[in-house]
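This report refers to the structure that appears directly beneath it.
Throughout, a chain's letter reflects where its sequence line sits, starting with A, and its residues are numbered from 1. Note: hydrogens, waters and symmetry copies are ignored here, and every other heavy atom, side chains too, is used.
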Protein chains: 2
Amino acid sequence: MDKTKRTRLEAAGWRVGDASDFLELTAEETAFVELKLALADYLRDIRVQHGWTQTHVARVLGSSQSRVAKMEAADASVSVDLLVKSLLALGASRKQVGQVIARAA
Amino acid sequence: MDKTKRTRLEAAGWRVGDASDFLELTAEETAFVELKLALADYLRDIRVQHGWTQTHVARVLGSSQSRVAKMEAADASVSVDLLVKSLLALGASRKQVGQVIARAA
DNA sequence: GACGCCTATGTCGTATCTGACATATCATCA
DNA sequence: TGATGATATGTCAGATACGACATAGGCGTC
């Protein structure tokens with residue numbers, strides 16, 4: 001498994017199979033985490049492309065810098081709801097959100 | 001506004017502008033609700049196409065019949081997380097979920 | 001080094017979501 | 001009509017996610 005992805009999965013709160021090189025996730029769990037990571041990456045892309053800081057985005061969303069950081073990290077404490085709402089609030093369209101989710105890993 | 005959609009939005013817990021014929025929702029809120037409705041419809045489609053009952057789906061998901069009913073109604077108490085996880089658990093792919101979201105209203 | 005700015009991580013009280021249960025509504029059929 | 005099966009609605013205790021705050025790490029510039 002790709003090391004950076006594994007690290008991101010761990011960071012997102014998913015257990016990594018100790019000695020084994022495989023995550024012990026069902027297919028659904030894997031798909032769900034990848035979906036979240038895709039949204040998180042997209043959120044960061046939008047922010048960086050606009051030259052915004054996490055603090056600025058937090059102000060726009062009515063949230064806090066720390067939560068924005070967790071969103072971009074696809075932290076386990078962040079829901080897909082929050083990611084989707086945030087993306088829409090930052091100007092992404094429903095169609096764009098869907099495309100980001102549908103795009104292959 | 002289309003009457004059945006309006007009814008569904010109300011049922012989903014969104015306030016409808018009293019005398020006015022328009023929902024007082026921002027563009028983001030509208031997009032978010034439509035996104036949820038699309039997932040809810042898709043969930044029902046999958047279930048019906050397989051000839052499953054809500055009770056059967058609930059058993060598969062480890063949930064209850066009432067929650068499945070609320071999912072299909074895009075009830076305000078149902079998160080996008082739950083809808084997405086349920087769809088994936090029922091065999092939908094990440095790509096399919098994305099396409100359903102991206103598809104125009 | 002010290003400062004400023006940005007991002008990451010940990011924790012906490014509160015708000016929201018969840019599964020479960022009870023019950024209601026609605027068909028279909030005998 | 002009554003009975004049976006499916007779906008809808010209301011409620012609640014426990015679980016999870018939220019914004020907020022504190023603080024740490026990284027990285028330039030002086």
Side-chain angles (χ1 to χ4, degrees), chain A residues 4 6-15 28-29 32-33 35-37 39-90, chain B residues 4-5 7-15 28-29 32-33 35-37 39-90:
Chain A
T4 64
R6 173 173 172 161
T7 302
R8 298 196 62 193
L9 289 170
E10 289 177 334
W14 299 86
R15 186 190 316 278
E28 302 108 77
E29 288 171 333
F32 183 74
V33 173
L35 186 152
K36 252 177 90 168
L37 287 172
L39 293 176
D41 288 346
Y42 187 41
L43 181 67
R44 168 157 286 170
D45 287 349
I46 290 177
R47 178 177 67 81
V48 171
Q49 280 181 11
H50 285 83
W52 294 333
T53 66
Q54 290 181 347
T55 302
H56 172 73
V57 170
R59 235 183 1 253
V60 172
L61 300 179
S63 181
S64 57
Q65 177 269 326
S66 60
R67 190 133 298 274
V68 174
K70 282 166 206 205
M71 285 189 223
E72 294 185 356
D75 187 277
S77 79
V78 173
S79 71
V80 171
D81 284 66
L82 185 63
L83 285 167
V84 169
K85 282 181 185 169
S86 299
L87 287 169
L88 294 175
L90 293 184
Chain B
T4 63
K5 170 177 276 190
T7 302
R8 296 195 65 192
L9 290 171
E10 288 178 334
W14 299 87
R15 185 191 316 277
E28 302 108 77
E29 287 170 336
F32 184 73
V33 173
L35 186 153
K36 252 178 91 166
L37 287 172
L39 293 176
D41 288 345
Y42 187 42
L43 182 68
R44 169 157 286 168
D45 286 348
I46 290 177
R47 179 178 66 81
V48 171
Q49 279 181 10
H50 285 83
W52 293 332
T53 65
Q54 290 181 346
T55 302
H56 171 73
V57 170
R59 237 184 359 256
V60 172
L61 300 179
S63 181
S64 57
Q65 177 269 326
S66 61
R67 191 132 298 274
V68 174
K70 283 165 203 198
M71 285 189 223
E72 295 185 355
D75 187 277
S77 79
V78 172
S79 71
V80 171
D81 284 65
L82 185 62
L83 285 167
V84 169
K85 282 182 185 168
S86 299
L87 287 169
L88 295 174
L90 292 184

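Listed nucleotides dC6(C), dT9(D), dG19(C) differ in distance to Thr53(A); the shortest reach to its side chain belongs to dC6(C).
Note that NZ of Lys36(B) and CG of Asp75(B) are 7.0 Å apart. Values are rounded to the nearest 0.5 Å.
Remark: Ser79(A) engages no residue in a side-chain hydrogen bond (donor to acceptor under 3.5 Å, both in side chains) (not counting sequence neighbours). Ser63(A) pairs by the side-chain hydrogen bond (donor to acceptor under 3.5 Å, both in side chains) definition with nothing, not counting sequence neighbours.
Residues Val80(B) and Asp81(A) come closest through the heavy atom pair N-OD1, 2.8 Å. The heavy-atom pair separating Ser64(B) from Ala58(B) by the smallest distance is C-CB, 3.3 Å. Contact record, Leu82(A) with Met71(A): CD2-CE, 3.7 Å, taken as the closest heavy-atom pair.
The closest side-chain heavy-atom distance from Val68(A) to Thr55(A) is not below 4.5 Å.
No hydrogens or angles were tested; on distance alone, a donor-acceptor pair under 3.5 Å links the side chain of Ser66(A) to the base of dC21(D). Under 3.5 Å, the side chain of Lys70(A) and the base of dG19(D) form no donor-acceptor pair of N or O atoms.
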Might you list the N or O atoms of the protein lying below 3.5 Å from N or O atoms in nucleotides 23-26 of chain C, with each pair's distance?
none

Can you give me the N/O atom pairs linking the protein to nucleotides 12-18 of chain D at distances under 3.5 Å, or say none if there are none?
| unit_1 | atom_1 | unit_2 | atom_2 | d |
| --- | --- | --- | --- | --- |
| dC18(D) | OP1 | Ser79(A) | OG | 2.5 |
| dC18(D) | OP2 | Ser77(A) | O | 2.5 |
| dC18(D) | OP2 | Ser79(A) | N | 3.0 |

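Ser86(A) pairs with exactly one of Val57(A), Val60(A), Leu61(A) by the side-chain contact (heavy atoms from CB on, under 4.5 Å) rule, that one being Leu61(A).
Taking the screw axis at each terminus of the helix from dG1(C)-dC30(D) to dA30(C)-dT1(D) from five consecutive base pairs, the angle between the two is 30° to within rounding of 10 degrees.
Note: Trp52(A) and His50(A) have parallel aromatic rings, judged against thresholds of 30 and 60 degrees for the angle between ring planes.
Rounded to an integer number of Å, the gap from Gln54(B) CD to dA27(C) C1' is 14 Å.
Residue pairs meeting the salt bridge (charged side-chain N to carboxylate O under 4.0 Å, His left out) criterion with at least one member in residues 47-67 of chain A, sequence neighbours excluded, are Arg47(A)-Glu72(A).
For Arg47(A) and dT7(C), the shortest distance from a side-chain N or O to OP1 or OP2 is below 4.0 Å.
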